[in-house]
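The structure displayed is predicted, hence computed values, not measured ones. In what follows, chains carry the letters A, B, and so on, assigned in the order in which the sequence lines appear, proteins first and then strands, with residues in each chain numbered from 1.
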There are 2 protein chains.
Amino acid sequence: MNAPVLPKVVKGSPESVTTGPVHGSRKVYAPVAGRDDIRVPFREIALTDPNEAPVRVYDPSGPYTETDAAIDLAAGLPQVREPWIAARGYATAEPRAVKPEDNGFAAADKLVAPCPAERTLRKAAPGQMVTQYEFARAGIITEEMIYVAHRENLCREEMLERAEAALADGENFGAAVPAFITPEFVRDEIARGRAIIPANINHTELEPMAIGRNFLVKINANIGNSAVTSSAAEEVEKLVWSIRWGADTVMDLSTGRNIHNIRSWIVRNSPVPIGTVPIYQALEKVGGDPLKLDWEVFKDTLIEQAEQGVDYFTIHAGVRLAHVPLTARRVTGIVSRGGSIMARWCLAGHRESFLYERFDEICDIMRAYDVSFSLGDGLRPGSIADANDAAQFAELETLGELTKIAWDKGCQVMIEGPGHVPMHKIKVNMEKQLRECGEAPFYTLGPLTTDIAPGYDHITSGIGAAMIGWFGTAMLCYVTPKEHLGLPNRDDVKTGVITYKIAAHAADLAKGHPAAQLRDDALSRARFDFRWEDQFNLSLDPDTARAYHDETLPKDAHKVAHFCSMCGPKFCSMKITQDLRAEVLAMEEAGAVIHAAPVMSEAQREAGMKAKSKEFLAEGGKLYVDAAE
Amino acid sequence: MNAPVLPKVVKGSPESVTTGPVHGSRKVYAPVAGRDDIRVPFREIALTDPNEAPVRVYDPSGPYTETDAAIDLAAGLPQVREPWIAARGYATAEPRAVKPEDNGFAAADKLVAPCPAERTLRKAAPGQMVTQYEFARAGIITEEMIYVAHRENLCREEMLERAEAALADGENFGAAVPAFITPEFVRDEIARGRAIIPANINHTELEPMAIGRNFLVKINANIGNSAVTSSAAEEVEKLVWSIRWGADTVMDLSTGRNIHNIRSWIVRNSPVPIGTVPIYQALEKVGGDPLKLDWEVFKDTLIEQAEQGVDYFTIHAGVRLAHVPLTARRVTGIVSRGGSIMARWCLAGHRESFLYERFDEICDIMRAYDVSFSLGDGLRPGSIADANDAAQFAELETLGELTKIAWDKGCQVMIEGPGHVPMHKIKVNMEKQLRECGEAPFYTLGPLTTDIAPGYDHITSGIGAAMIGWFGTAMLCYVTPKEHLGLPNRDDVKTGVITYKIAAHAADLAKGHPAAQLRDDALSRARFDFRWEDQFNLSLDPDTARAYHDETLPKDAHKVAHFCSMCGPKFCSMKITQDLRAEVLAMEEAGAVIHAAPVMSEAQREAGMKAKSKEFLAEGGKLYVDAAE
């Protein structure tokens, strides 16, 4: 069996990020017929059984997981979107001059240099079509839509050929996941506002992906800078590590020094959409005092980040002055940082939120670069006691109002959701969001289904995430074991991502996604056949699966052993069943007809089991009878 | 703040188990009015805020978590039930002689000595009332029922006094969880077959507990012997460690040498019900060959274990000859060890299962000691592909048939359930189980909601467990991270138990258990008030919560700091909100009336947000107006 291939770490100044394939996988790029400029990435897992086809899985990890990844952080990733966007004819622009406050007034000796990769800065003119929403509404299929269609279609062609797509059962609560995805379907979903492709025209390195409830459920990982940043590579590595394990988008929640320059490294080296919360940086620019915030500094921050190529912004425009008193009697008040900042601002001056009042201007700025809205839930509940309360729902209604305005302005929109919600209150969140926000994609944090397990909130929230994903949430924001307690380390990030990949996949299965079960089936067949290597490699985390197995059975021979350490060789149910199956199938082969389980009449039932059993046998109840009989 | 109190380890020969309170807690015994012989254990968490009452939580950990626990494994735990059972007048019996095969033919030098604790062996005569079911049917309230009523009533009196019990919302899918539990309610639930108190009359050390969907959702942890057992204490420690973190029952799945003698140590030192799967030991007695199994060896094993005081037996009597072919085309065949053993036995001789044919005799044996049935799901699905298939449901129908027979025989019964089930197929399992099995308690393994995450199956199954617990499952069998891969170590056991405590508690909350939310609320108030010590101590795992916090903020001063490492002191949303709340409440105090969020008319909505907002303000829309106005 293969020895584990350890991921390489790119050395050199200032690069140091994890590269190389996930164990047992290789990166493949699928061509798109007639479009040489579009190659769609997948991760392919080869299996040891020659009768088993390799399994392709969705892969947001970018070029980092190529076998011989040539990564140069200073140059940035290949610009897969550059020719598409260049062809759309936007004017190039001079970037806004960087100001000392953009980097948190970092002193010269502490300043991290910006990423030197040179890119053309573009901005759409008023009236010039630029967002995926505008193209979709105009009936135009963009390269991004074609890319996404092929990416989402993973294995569905095969399923259709095998005529199994129709067999996938599930309950999708009104979603409309098709058996096969065409670029036209993607366009239509975006035009209806039911899906977005977060894709700033200045993020040319992006491998486009879709967020919408008729697509695969996606997950987001949050990253943030350390108090003392040793290098830009250290921050890029957080991104690389998150997407290696399956994060579909990454939010950069950094604060403090160097965030402008670090962000340039992150965006230039990210194949996934990058989201931010601009109010964080705006607040820093005014010295951390919410009362000093104003429209000018916020607007300037939006432009700054949009020019850098950030793909979506969390905008807490739903926190209105009138909502603030609704939170006063909550058990945990306002737990969203952006929400509390805006509530403070509103209440201090008894004035309406400038995010709400200037919403149309925010739309105009974001539209010009195709930055998508992630309408923030600043009043999400922070405890079970506060779930689904008046404050939360008042804000959600406001977000619905804003969604329609953003669409009118040509912008792409998704909506953020809770938070802490007990299981019986989750579904109503989804239903209300769909109703209020015209089916715009829902993007939820968890929700956490109980408050009593700090240290395990990836699990309390993974339960809620799986459920709300099933009900229709398009993207799940991960929660790590450190939630409520501290900053996640590398292991915590991985645990959070894997937990949310579980939630998202469980949701896809339950929705009846036509190809989702292929991977479960392949893994389960490997398990039943004792193909341990295949079982490890098909799992979400091959390294951990292998390590756990090897704790008790480390030898290579055990990787083909027909037992595991749980029952040992003598009592393995799978081993016994393999023999059983062979026997039953051989009998069929020999012409025996297999009777179904005998169905008893009510009278027989009442006659009692023992008598009945004898009766059945006495009546010649044989399990196998000759076919001729 | 308190320094962490490390659990003591009892030294001496052969004792070595973890004792001492869970951090921040103390054991209390609540008296029962008029019954000096009944004292009900709770764990009490004192809080640092003098305005906060201590929080009592359900506590299955037994005397081990007393502050000065005096544990003598050789003497066994105090016999809390001895006077109750002695008063019922059963004949004492001579124990069956121990045979070499009972201990797996362990050689004399490898033989672990049995627990020397002396106990009176009792057995009910035919026709003599003995099971909790029989007493309940006869209208008799036992001490066990009184004990359980007080144990389950935790905090409900307080809720009733505060008139908040009626406020607990939830969706219970037809369960009937009362606002207050009386001994008569417990009796009635048992008489209806809707609950059991697994309580072998020879397990006098047991602290009685109930399993039923109108009680708190319970969890089970599985333990098993190591390949090389160094001491009985090592095996008892697995039990002690499981119940320390919240396991309500423990199944001993040991095989091989010394299992009879080790079992005596476990039962004599267990305050929780012990379950076993007797077919495992029976199989060992016949050298591991399923075809050599017969009724005599099985019957002898039942008596052996019943005499030792095992509280419930998994009996795979639902695996019938006719069901075997239904599994032949499954992706993962039969994954239950007991199920595969019985299927092999049936098919080899083309004969009906002796467990099924001798079911009434099994009932007679188990009744005489009040060993409860856990009717095994030998055909549970082992993969998503096999969920809810003909084999699984045919067996479940048979289990329903057997349930009624066991009740007729006077036995207590619960039913085991799957397995691997995608989310959309979970509810139908619960509904069918309730229907087929006359509402007998359901006891499920997970279910795992996807197959693709070995190494994380505590999470894939925790999702399913929370959901099926909500739908009505009475007890959830834990799954550890090592499931499918290897044997769990100490950390894995703890992770499995905590994950399942989360699932069970999330289920209680969603069902609308009248007092479940008290702990969430207390923890959330502590969180909002930055009472870090209280937050840690109220959590399911205070040690881990504290350790995670201390990774970034280790100083004692940080335990009262009004911020955490996530946002730092400047941006803490909770801090901002505390100030906000104070301000809003002060305004109210001063006589201001708080307006609710303004509701816009449809026409206003259409007029657009900005215009509307101005309009609202122009119309004198003030947030606060004088009370006089």
Side-chain angles (χ1 to χ4, degrees), chain A residues 170-171 288 322-323 325 328 331-335 337 340 344 383-385 394 422-424 449-455 459-460 463 466 470 482 485-487 499 502 505-506 509-510 519-521 523-524 528 539-541 544-545 548-549 551-552 565 570-571 573 576-577 581 584 594 597-598, chain B residues 170-171 288 322-323 325 328 331-335 337 340 344 383-385 394 422-424 449-455 459-460 463 466 470 482 485-487 499 502 505-506 509-510 519-521 523-524 528 539-541 544-545 548-549 551-552 565 570-571 573 576-577 581 584 594 597-598:
Chain A
E171 164 58 53
H323 300 154
V331 168
T332 45
I334 301 174
V335 296
R337 221 198 298 180
S340 65
R344 181 95 220 100
S383 56
I384 292 296
M423 285 191 285
H424 65 293
T449 53
T450 164
D451 303 340
I452 67 168
I459 300 177
T460 65
I463 294 166
W470 176 25
K482 291 279 168 61
L485 297 169
L487 294 173
T499 301
I502 289 169
H505 185 72
L509 282 176
R519 187 172 179 181
D520 296 77
D521 292 352
L523 190 144
S524 289
F528 189 70
S539 71
L540 287 175
D541 177 2
T544 296
Y548 282 0
H549 176 269
E551 268 181 35
T552 28
S565 60
K570 220 160 53 172
F571 300 116
S573 60
I576 295 175
T577 312
R581 171 191 286 188
V584 171
I594 297 181
Chain B
E171 163 57 54
H323 299 155
V331 168
T332 45
I334 301 173
V335 296
R337 221 196 300 179
S340 65
R344 182 95 220 99
S383 56
I384 293 296
M423 284 191 286
H424 66 293
T449 54
T450 164
D451 303 339
I452 67 168
I459 300 176
T460 66
I463 294 167
W470 176 24
K482 290 279 169 62
L485 297 169
L487 293 173
T499 301
I502 289 169
H505 185 72
L509 283 176
R519 187 171 178 183
D520 297 77
D521 293 351
L523 190 145
S524 290
F528 189 70
S539 71
L540 287 176
D541 177 3
T544 297
Y548 282 0
H549 176 270
E551 268 182 36
T552 28
S565 60
K570 219 160 54 172
F571 300 116
S573 59
I576 295 175
T577 311
R581 172 190 285 187
V584 171
I594 297 182

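Between A:Val584 and B:Pro325 the shortest heavy-atom distance is CG1-CA, 4.3 Å. Between B:Pro454 and A:Leu523 the shortest heavy-atom distance is CD-CD1, 4.0 Å. Across every non-hydrogen atom of B:Asp521 and A:Ala385, the tightest pair is OD1-CB, 3.5 Å. Between B:Tyr548 and A:Leu485, the shortest heavy-atom contact is CB-CD1, 3.8 Å. For B:Met423 against A:Ala510, the heavy-atom pair with the smallest separation is CB-CB, 3.7 Å.
Among the candidates B:Gly455, B:Ser524, B:Gly333, B:Ala453, the residue making the largest number of heavy-atom pairs closer than 4.5 Å to chain A is B:Ser524. Taking chain A as the reference chain and counting heavy-atom pairs below 4.5 Å, the highest number among B:Thr544, B:Thr499, B:Leu509, B:Thr460 is found for B:Leu509. Among B:Ile452, B:Thr577, B:Ile463, the residue making the largest number of heavy-atom pairs under 4.5 Å with chain A is B:Ile452. Taking A:Ala506, A:Ser383, A:Ala545 one by one and counting their heavy-atom pairs under 4.5 Å with chain B, the maximum is reached by A:Ala545.
When heavy atoms are compared at a cutoff of 4.5 Å, B:Ile384 approaches chain A by way of both its backbone and its side chain. For chain B, the nearby parts of A:Leu540 are the backbone and the side chain; heavy atoms of each come within less than 4.5 Å. Using a 4.5 Å cut-off between heavy atoms, A:Glu171 touches chain B through backbone and side chain atoms alike.
To the nearest 0.5 Å, atoms CG (A:Asp451) and CZ (B:Arg519) are separated by 11.5 Å.
Residues A:Pro422 and B:Asp520 are not in side-chain contact: their nearest non-hydrogen atoms beyond the backbone lie 4.5 Å or more apart. Contact check for A:Thr450 versus B:Ile502: side-chain heavy atoms found under the 4.5 Å cut-off.
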